[in-house]
S.K.: 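Sharing a structure with you now.
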Amino acid sequence: VQRWGCFFFFKQKTAYEIYQCDWSSDVCSSDLEEFKESDTTNNIQVINYFQFVKAVYLKNSKRFKYRVEAEKLFYDLIENDEIDSQHILFAYYYLADLLFYELSTTGDQEILHELRTLVDGLSQMGDEKKMNVAIYRSNLLRAKLKIIDGDIDGAKNSMTIALNLALEANDNILLHAITYEYDKLFK
């Protein structure tokens, strides 16, 4: 007598995953057509925000072609004068995240140059707009680049600059974030 058994495993989607899937199927470029016909500032802001959300969504995809599209959208957003600083800041940071991932999978040294240019742009934005978070983020990214270059002391120095910035600003949330990133990079 032989007994056969078969087990089926199903992964139930979380409410967030279901929401995300539903959202993605509802959003398409044709939705923007009605906004593009109008010239109002409010519609331009809606279009920019839509591009930002779309880029973030595509960035989190496992498909390479969607991540490439996200990269293009983030570059467009960084160059856009009509989007608020907070979204530009996140566009810089998310783009850097994509580039670090691309560097880790391809090893293409050209990406290092692209990352350095991006970090310089983020740092410049932080200085010009007096955005402590942009300065912190640029120092964090600079630290990661220095680790890739094998410059551990330089990486620690970049993190110390960010830490001192948070202490001077008495920003406990930023201080916690920096401490977390420091521990992640050096322990």
S.K.: Measure the shortest side-chain to side-chain distance between Asp153 and Lys146 over non-hydrogen atoms and say whether it is less than 4.5 angstrom.
M.R.: no

S.K.: Nearest 0.5 Å please: distance from the NZ atom of Lys144 over to the CG atom of Leu140.
M.R.: 5.0 Å

S.K.: How about Glu102 and Arg67: do any of their side-chain heavy atoms sit closer than 4.5 Å?
M.R.: no

S.K.: Could you grab the distance from atom CD1 of Ile135 to atom CG of Leu165, nearest 0.5 Å is fine?
M.R.: 5.5 Å

S.K.: Can you classify the ring geometry of Tyr94 versus Phe74 as parallel (below 30°), tilted (30 to 60°) or perpendicular (above 60°)?
M.R.: tilted

S.K.: Write down the atom of Ala134, the atom of Leu122, and the distance for their closest heavy-atom approach.
M.R.: O-CG, 3.7 Å

S.K.: Contact between Leu167 and Asn164 at the side-chain level, heavy atoms closer than 4.5 Å - yes or no?
M.R.: yes

S.K.: If you look at every heavy atom in Ile78 and Ala91, which pair is closest and at what distance?
M.R.: CG1-CB, 4.0 Å

S.K.: For a 4.5 angstrom cut-off between non-hydrogen side-chain atoms, does Ile148 reach Phe100?
M.R.: yes

S.K.: Which atom names give the shortest non-hydrogen contact between Met125 and Ile88, and what distance separates them?
M.R.: SD-CG2, 3.5 Å

S.K.: Looking only at heavy atoms, what is the nearest atom pair of Leu77 and Asn48, with distance?
M.R.: CD2-O, 3.8 Å

S.K.: When rounded to the nearest 0.5 angstrom, what distance separates OH in Tyr136 from CG in Leu89?
M.R.: 10.5 Å

S.K.: Looking at Leu118, Asp151, Leu115, which one forms a side chain to side chain contact (heavy atoms under 4.5 Å, CB included) with Leu145?
M.R.: Leu115

S.K.: Mark yes when over 12 heavy atoms from residues, nucleotides or ligands other than Tyr75 sit less than 6.0 Å from its OH; otherwise mark no.
M.R.: yes

S.K.: Does some side-chain heavy atom of Gln86 sit less than 4.5 Å from a side-chain heavy atom of Met131?
M.R.: yes

S.K.: Return the set of residues passing side-chain contact (heavy atoms from CB on, under 4.5 Å) with Lys72 (not counting sequence neighbours), or none when no residue passes.
M.R.: Val68

S.K.: Could you tell me the separation between the NZ atom of Lys59 and the CG atom of Leu95, rounded to the nearest 0.5 Å?
M.R.: 10.5 Å

S.K.: Looking at OG of Ser158 and CD1 of Ile147, how far apart are the two atoms once the value is rounded to the nearest 0.5 Å?
M.R.: 9.5 Å

S.K.: For Ser123 and Val119, indicate whether the former's side chain and the latter's backbone hold a donor-acceptor pair under 3.5 Å.
M.R.: no

S.K.: Going by side chain to side chain contact (heavy atoms under 4.5 Å, CB included), Asp108 matches just one of Ile111, Leu112, Thr105. Which one?
M.R.: Ile111

S.K.: On the six-membered ring of Tyr92, is Arg137 placed so that its NZ or CZ lies under 6.0 angstrom from the centre and within 45° of the ring axis?
M.R.: no

S.K.: Starting at CG of Asp183, measure out to CD1 of Ile178 and round the result to the nearest 0.5 Å.
M.R.: 12.0 Å

S.K.: Just do the salt bridge (Lys or Arg N to Asp or Glu O under 4.0 Å) check on Asp120 and Arg142 with the steps written out, would you?
M.R.: CA-CA 9 Å; Asp120 290 343; Arg142 198 168 274 121; 3.3 Å; yes

S.K.: Taking the side chain as every heavy atom from C-beta outward, state whether Leu175 and Asp171 have any pair of such atoms under 4.5 Å apart.
M.R.: no

